[in-house]
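What follows is a short report on a single structure.
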Amino acid sequence: MNPIVRHTNLTEFSTPENCFITEILNSGTFQNFSIAQTRVAAGTITELHTLRNTDEVYYILSGKGEMEIGGKVVGIANENDLVFIPRNTSQRIKNLEDKDLLFLCICSPRFEEKNYEQINDL
């Protein structure tokens with residue numbers, strides 16, 4: 001296998017979570033992790049959710065977001081910050097700026113939709 005993977009056809013799609021995802025790497029070939037680029041529109045907060053049995057790291061590429069983990073606002077994530085989200089822990093992020101918030105999501109093991117669980121916080 002060639003160690004360099006060139007993407008020529010990445011596609012962004014919207015999610016019910018109130019964000020837009022571009023899958024960079026999510027394949028059964030790489031069970032240990034996945035990488036996606038996430039875009040949250042200005043002023044938007046993502047849906048409260050958890051990833052069962054999946055740790056997640058956000059790497060903020062641009063923008064500023066208020067991060068909630070485990071039911072508590074833990075701080076503001078800025079460009080070049082890393083946010084560690086333990087498996088089975090509630091989470092969401094609020095875009096605090098008037099431009100898109102852009103970050104990488106790295107999941108371990110790789111993201112699988114069956115592990116995503118929306119949390120109703122009414």
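Please read all numbers here as calculations on a predicted model, not as lab measurements.
Residue pairs meeting the side chain to side chain donor-acceptor pair (under 3.5 Å) criterion with at least one member in residues 4-16, sequence neighbours excluded: E12-R39.
For the atom pair SG of C105 and OH of Y58, the computed distance is 4.5 Å after rounding to the nearest 0.5 Å. Rounding to the nearest 0.5 angstrom, the gap separating the OG atom in S90 from the CD atom in E117 is 10.5 Å.
Residues forming a ring pair (Phe, Tyr, Trp, His ring centres under 6.0 Å) with Y116 (at least two apart in sequence, or on another chain): H49. Shown here are the salt bridge (Lys or Arg N to Asp or Glu O under 4.0 Å) partners of E47, two or more places apart in sequence or in another chain: there are none.
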Atom pairs and distances, donor-acceptor, side-chain atoms in residues 19-27, under 3.5 Å, two or more places apart:
residue, atom, partner, partner atom, Å
N26, OD1, R110, NH1, 2.8
N26, ND2, F111, O, 3.0
S27, OG, T29, N, 3.0
S27, OG, T29, OG1, 3.2

Let me check something: any side-chain donor-acceptor pairs from residues 75-83 under 3.5 Å, sequence neighbours excluded? List them with distances.
residue, atom, partner, partner atom, Å
N80, OD1, Y59, OH, 2.7
D81, OD2, N78, N, 2.7

Could you list the donor-acceptor pairs under 3.5 angstrom formed between side-chain atoms of residues 65-74 and any protein atom two or more places apart in sequence or on another chain?
residue, atom, partner, partner atom, Å
E68, OE1, R92, NE, 2.9
E68, OE1, R92, NH2, 3.4

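D100 places no side-chain N or O within donor-acceptor distance of the main-chain N or O of L102, the cut-off being under 3.5 Å.
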Can you check side-chain contact (heavy atoms from CB on, under 4.5 Å) on N88 and N53, steps first, answer last?
CA-CA 6 Å; N88 307 314; N53 304 315; 3.8 Å; yes

Give the intermediate values and the outcome of side-chain contact (heavy atoms from CB on, under 4.5 Å) for residues L51 and C107.
CA-CA 9 Å; L51 295 182; C107 292; 4.0 Å; yes

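Counting heavy atoms from C-beta on, the side chains of L104 and L61 come closer than 4.5 Å.
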